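Numbering starts at 1 and runs along the sequence shown. Owing to the predicted nature of the structure, the values given are computational and were not obtained by experimental measurement.
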Amino acid sequence: RVRRALSLAINRSAWLETLDFGEGCLVSGPIPCALQQWKLDEKELDPLKAKYLGGFDREEAKRLLAEAGFAKGFTTPLHHHPGYTTPWPSRFELAVDELSKVGIKAELKPEEYGKYISTTFLGEFEKLAMGPITPFLEVDDYLYGVFYPGQPNNRSRVDDPELKPMLIAQRQELDPEKRQRIVHDIQRYLADKAYYIYIPTRLVYQVHQPHLKGFAPKIGHTMVHRVIAMWLDK
């Protein structure tokens with residue numbers, strides 16, 4: 001109930017408009033919008049479950065908190081690394097502001113990157129943490145890697161007995177269509193669990209002069225390999 005309340009407290013439409021000029025993907029998880037082959041359209045989800053994935057309802061959030069024994073809200077640390085580039089600093093501040101409106105007082109706990117990446121980023125934190133994750137290209141990294149017990153990227157320490165067989169099945173299935181059906185079933189199952197709270201993701205523009213040849217967009221944290229393959233035709 002608390003996890004669902006956290007998700008319902010986030011006004012994703014306002015976030016996207018305020019921080020990303022209204023451009024991007026409103027509901028980004030558990031599989032990002034860029035992986036179109038695998039991402040299940042929100043319209044194919046049960047609406048009663050989907051609201052906990054991307055809905056916004058402060059009154060419902062307050063009701064869930066009251067049911068969970070927190071009618072007056074509660075205080076929680078919000079662990080994060082403050083050095084991530086814009087607009088991440090604003091996202092942390094918006095999270096604090098949004099959660100306060102349903103009675104959750106989130107106190108920002110900035111961490112030096114070495115500590116953050118070796119503890120918080122690996123799920124070693126108390127109560128609440130926030131930040132970006134690695135932009136993987138294989139859907140298994142967003143499923144087995146993030147939800148299976150014992151995996152370093154399972155930051156929410158999920159151990160769901162119904163989910164585990166599905167996570168294993170999708171990574172063992174060799175037929176693309178059959179695997180896609182399993183991946184879609186996993187998304188249907190996860191819709192209302194709120195093991196993670198997903199915020200909108202923005203578009204990224206990469207601009208270059210026409211005489212720069214060999215350039216191609218790259219998902220990830222570095223352009224080194226792309227730069228090696230580029231040349232100037234001028």
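Counting heavy atoms from C-beta outward, Arg179 and Val139 have side chains that approach closer than 4.5 Å. Lys105 places none of its side-chain heavy atoms less than 4.5 Å from the side chain of Ser100.
Connection of Tyr195 to Ile10 is not established within any shared hydrophobic cluster, with ILVMFWY side chains joined at heavy-atom distances below 4.5 Å, either directly or through further cluster members. By the criterion of side-chain heavy atoms lying less than 4.5 angstrom apart, applied directly or through intervening Ile, Leu, Val, Met, Phe, Trp or Tyr residues, Ile199 is not grouped with Leu8; the two fall into different hydrophobic clusters. Tracing side-chain contacts under 4.5 Å through hydrophobic residues (I, L, V, M, F, W, Y), one never reaches Phe92 starting from Tyr198; they form parts of separate clusters.
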Give every donor-acceptor pair under 3.5 Å between a side-chain atom in residues 17-25 and any protein atom, sequence neighbours left out.
unit_1	atom_1	unit_2	atom_2	d
Thr18	OG1	Ala14	O	2.7
Glu23	OE1	Tyr205	OH	2.9
Glu23	OE2	Tyr205	OH	3.2

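For residues 24-73, the set of pairs meeting the ring pair (Phe, Tyr, Trp, His ring centres under 6.0 Å) definition, not counting sequence neighbours, comprises Phe70-Phe74.
Distance check: Asp233 CG to His211 NE2 gives 9.0 Å after rounding to the nearest 0.5 Å.
Distance alone, capped at 3.5 Å, places no donor-acceptor pair between the Arg155 side chain and the Val146 backbone. Between the side chain of Glu138 and the main chain of Asp140, a donor-acceptor pair closer than 3.5 Å is present. Of the possible donor and acceptor atoms, none in the side chain of Gln170 sits under 3.5 Å from a partner among the backbone N and O of Met166.
Ring geometry for Phe147 against Tyr196 counts as perpendicular: the plane angle is over 60°, on a 0 to 90° scale with 30° as the lower cut.
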